[in-house]
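These notes concern the structure reproduced below.
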Amino acid sequence: QSIQSNQETPKYSQQEMREAISYYNKLGEFEKSLVLAKEYVSQHHEDMEGWIHRGYAYMGTGNCTEASADFYHASVNKWV
C-alpha cells in the first residue's frame with residue numbers, strides 16, 4: 001500500500017520528541033535517534049537538551065566531529 005501524498009506527518013509534542021530521542025539513544029538505535037534529533041533541534045533550537053541528545057546520536061553513529069560541535073554548542077548556550 002502506498003502512503004497518500006496529502007497525508008500529514010504525525011505531530012508530536014516537544015516532550016514526546018525529547019523522550020523518543022532519549023529512548024532510542026539508550027537502546028543504541030542511534031540512526032533513529034538522529035533523525036528525530038535533527039528535526040527536534042530545527043524546531044526547538046533554544047533547547048540545549050536537544051543539542052546534547054543529537055550529539056549522543058552523532059557520537060553513536062561515529063560522527064565525532066558533529067557530536068563535538070553539538071556538545072560545544074550546548075555548553076556555551078545555557079538556555080535550558
Side-chain angles (χ1 to χ4, degrees):
Q1 295 180 353
S2 63
I3 298 175
Q4 294 178 9
S5 60
N6 62 353
Q7 185 177 11
E8 288 189 30
T9 305
K11 303 282 188 231
Y12 299 102
S13 73
Q14 184 175 357
Q15 182 65 31
E16 289 171 327
M17 283 186 73
R18 201 169 36 207
E19 289 174 1
I21 294 163
S22 180
Y23 175 77
Y24 285 129
N25 273 338
K26 288 176 185 173
L27 286 180
E29 298 278 345
F30 300 112
E31 293 82 9
K32 290 179 183 177
S33 177
L34 188 55
V35 168
L36 291 174
K38 284 179 178 180
E39 182 177 347
Y40 183 88
V41 168
S42 73
Q43 293 176 7
H44 307 285
H45 63 275
E46 75 290 345
D47 185 349
M48 294 305 106
E49 190 175 329
W51 290 84
I52 292 168
H53 286 307
R54 190 173 75 172
Y56 282 123
Y58 274 128
M59 186 77 76
T61 60
N63 191 336
C64 296
T65 302
E66 292 295 330
S68 295
D70 280 1
F71 294 145
Y72 177 77
H73 181 87
S75 73
V76 298
N77 297 288
K78 300 173 179 144
W79 297 330
V80 181

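Index from 1, following the sequence.
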Query raised in the report: For Y23, what residues pass the side chain to side chain contact (heavy atoms under 4.5 Å, CB included) criterion, not counting sequence neighbours?
Result: L27

Report summary line: Hits for side chain to side chain contact (heavy atoms under 4.5 Å, CB included) against S42, two or more places apart or cross-chain, chain-then-number order -> none

Which side-chain N or O atoms in residues 30-38 pair as donor and acceptor under 3.5 Å with protein atoms at least two apart or in another chain?
unit_1	atom_1	unit_2	atom_2	d
S33	OG	I21	O	3.2
S33	OG	N25	OD1	2.9
S33	OG	N25	ND2	3.4

Query raised in the report: Cluster question for you: counting only ILVMFWY and a side-chain heavy-atom cut-off of under 4.5 Å, with indirect links fine, are V41 and Y72 together?
Result: no

Report summary line: Residue pairs meeting side chain to side chain donor-acceptor pair (under 3.5 Å), one or both in residues 52-61, sequence neighbours left out, come to E49-H53, R54-D70

**Report entry** Nearest-0.5 Å distance that lies between atom CD in Q15 and atom CZ in R18
**Finding:** 4.5 Å

Requested in this report: Evaluate side-chain contact (heavy atoms from CB on, under 4.5 Å) for S68 paired with F71, printing each intermediate quantity in order.
Outcome: CA-CA 5 Å; S68 295; F71 294 145; 5.5 Å; no

**Report entry** Atom of W51, atom of H45 and distance for their closest heavy-atom approach
**Finding:** NE1-O, 2.9 Å

Requested in this report: Determine whether K26 and S22 make a side-chain contact, defined as any pair of heavy atoms from C-beta on separated by less than 4.5 Å.
Outcome: yes

Requested in this report: Apply ring-ring contact (aromatic ring centres under 6.0 Å, His included) to Y40 and list each qualifying residue two or more places apart in sequence or on a separate chain.
Outcome: H44

Query raised in the report: Which atoms form the tightest heavy-atom contact between C64 and M59, and what is the distance?
Result: SG-SD, 3.8 Å

